[in-house]
Amino acid sequence: MFKKRRAQLIYVPHFREIRKQSQSEPEHGYINGANIIDEVFRMQNPPRGAEEQREKLHKIEGRIRSLLGLDDLTIEVPHTKGEMVLEMHGNRLPLESFGTGIHELVILCSALEICENHIVCIEEPELHLHPELQRKFLKFIGQTSNTYLITTHSNVFLEHNENVNVYHVRHNGHCTTVTHVDTTERTYQVLDDLSYKASDLLQTNGVVWVEGPSDRIYINKWLSLLSPDLMEGIHYCIMFYGGRLVSHLSMAIEPEAVAKDLIPLLKINRNAIIVMDRDRLKPSQGLSETKKRIESETKKGNCWITEGREIENYLSARALEEFLHSRFDSDITCEYDPKKKLQDWITDGGENISFDYQGNKVKFAREIADSIQEEDLDQLDLKKRMRYMVKCIREWNEPASRLSEEPSHVNEDDD
């Protein structure tokens, strides 16, 4: 039998600064920045037959360009091997001329590209990195082939996916205990022990305000079709305001603009979109005064008033018929009408069927959502609104990033 080969262990301590390595410093399995110059020089000048080492250097440069948003950055080590030089914007300067955060990124990116299929232990990677760079670094290590053990005091590293396990290490004066953070309650305990206050944390990066739980089901489904990588609870949160309670809310950003009897939603989270049913569609009826007020208070595009009567009017006849055929034996058709409630445009041979959607909206919404496909987004202004929402959520999570697509402008209809 073959023995399973153990992965090599690499240790990256908390003190990381690029400098020439001394004779007394350890080489193997220990990366603190002193041995990076030699490694980069080898990759820059590989022996014949090992040209793939130069490709590694290009990969490191690409990672750092992506993290810092610098398209023209290059790295080199002069023949003296006394320093590392970065060139960007036409300037060629030693790395020591840049901030400690740049040192951190160069060391970490270089070390993690040099090492493949290793177990890498990193102490406090958040040092000298602001939260956005910490998130980008987390995304970066998720694309490498290594396994990571990270010690940290940063709450950013609690924003994890299914490939990450978080453990809470505590010492009570006598012994150390280690607890798997696998519940929301334990996550809150970690935040308490790290002394984070609610005011220090935007516990979600943005909020989509909707009338009720069935709206949440549909919006989550539509988001999953356009951007399946966006996760509710991490990238955004959907909260309910209750249709009739909207008259007590305000989306005004300036405190003095909010009446004393109104609840300022932007105090809960400054990144917000609000979705409201139009309700009225008769020519003689415009928007209610409450909806006009909230629309005027809200950033352009962030107040979504449905083009049809209500959010259910964004459901396609195809998706509804697929759902209904699975529940009823008769030949049911949907005569779509943006001015009517959903159950009023479902017919069987010209007669309205007994389908009490209002009586159990959440249950039916879940079942209908299973039938919704990407082709069903071509209803009224749904696709335009959802693309705008995706753009906003990405900006909430990466405020300094540039999106690959031009933002889809949302034109508000005159009412």
Side-chain angles (χ1 to χ4, degrees), residues 4-18 25-36 39-40 43 55-68 75 100-171 176-183 186-187 189-191 193-194 196 229 231 233-235 397-398:
K4 187 175 181 180
R5 184 180 177 185
R6 292 185 179 180
Q8 186 174 346
L9 187 68
I10 298 294
Y11 173 55
V12 185
H14 70 281
F15 182 77
R16 300 177 283 267
E17 183 181 15
I18 291 181
E25 287 180 308
E27 293 184 8
H28 300 293
Y30 187 91
I31 297 177
N32 67 356
N35 46 7
I36 291 295
E39 292 293 338
V40 171
M43 290 187 288
E55 291 303 316
K56 275 195 173 184
L57 178 58
H58 295 330
K59 199 171 181 180
I60 292 170
E61 290 174 332
R63 296 291 193 189
I64 298 172
R65 287 187 197 120
S66 176
L67 288 168
L68 297 179
I75 299 172
T100 312
I102 304 293
H103 278 80
E104 292 285 324
L105 285 176
V106 173
I107 294 170
L108 292 171
C109 290
S110 300
L112 304 182
E113 288 294 350
I114 292 167
C115 306
E116 295 179 330
N117 300 311
H118 285 56
I119 296 175
V120 182
C121 302
I122 307 177
E123 278 194 78
E124 301 180 12
E126 72 272 14
L127 293 179
H128 311 296
L129 301 181
H130 59 73
E132 185 189 356
L133 275 181
Q134 292 176 43
R135 292 187 182 95
K136 288 185 175 182
F137 175 72
L138 265 179
K139 185 177 180 180
F140 158 61
I141 65 175
Q143 298 167 346
T144 68
S145 61
N146 300 315
T147 299
Y148 295 91
L149 299 175
I150 297 172
T151 61
T152 179
H153 292 95
S154 171
N155 67 292
V156 169
F157 288 81
L158 292 175
E159 299 177 8
H160 57 82
N161 57 34
E162 65 275 6
N163 296 320
V164 176
N165 287 306
V166 177
Y167 293 89
H168 186 191
V169 182
R170 287 174 292 175
H171 194 279
T176 298
T177 59
V178 180
T179 306
H180 187 200
V181 181
D182 55 356
T183 65
R186 287 176 176 170
T187 299
Q189 190 174 33
V190 172
L191 294 174
D193 282 0
L194 291 176
Y196 282 107
D229 60 307
M231 297 174 61
I234 294 179
H235 301 108
N397 285 273
E398 297 185 51

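Owing to the predicted nature of the structure, the values given are computational and were not obtained by experimental measurement.
- His118 contributes atom NE2, which lies 10.5 Å from atom OH of Tyr148 (distance to the nearest 0.5 angstrom).
- Residues forming a salt bridge (Lys or Arg N to Asp or Glu O under 4.0 Å) with Arg65 (at least two apart in sequence, or on another chain): Glu61.
- With sequence neighbours excluded, no residue forms a side chain to side chain donor-acceptor pair (under 3.5 Å) with His171.
- Side-chain contact between Arg170 and Thr179 is present, with heavy atoms from C-beta onward closer than 4.5 Å.
- Taking CD1 of Ile150 as the start and CD1 of Ile141 as the end, the distance is 4.0 Å to the nearest 0.5 Å.
- Within the model, atoms CD1 of Ile64 and CD1 of Ile75 stand 3.5 Å from one another, a figure rounded to the nearest 0.5 Å.
- For Glu116, the side-chain contact (heavy atoms from CB on, under 4.5 Å) partners are Lys56, Ser145, not counting sequence neighbours.
- In this structure, Cys121 and Leu9 approach most closely via the heavy-atom pair SG-CD1, 3.6 Å.
- The line from CG of Asn397 to CE of Met231 is 11.0 Å long, rounded to the nearest 0.5 Å.
- One distance of note links CD of Gln134 with OG1 of Thr152; it measures 6.5 Å at 0.5 Å rounding.
- One finds the CG atom of Asn146 at 6.5 Å from the CG atom of Asn117 (value rounded to the nearest 0.5 Å).
- Taking every heavy atom of both residues into account, Thr151 and Glu123 meet most closely at OG1-CA, 3.4 Å.
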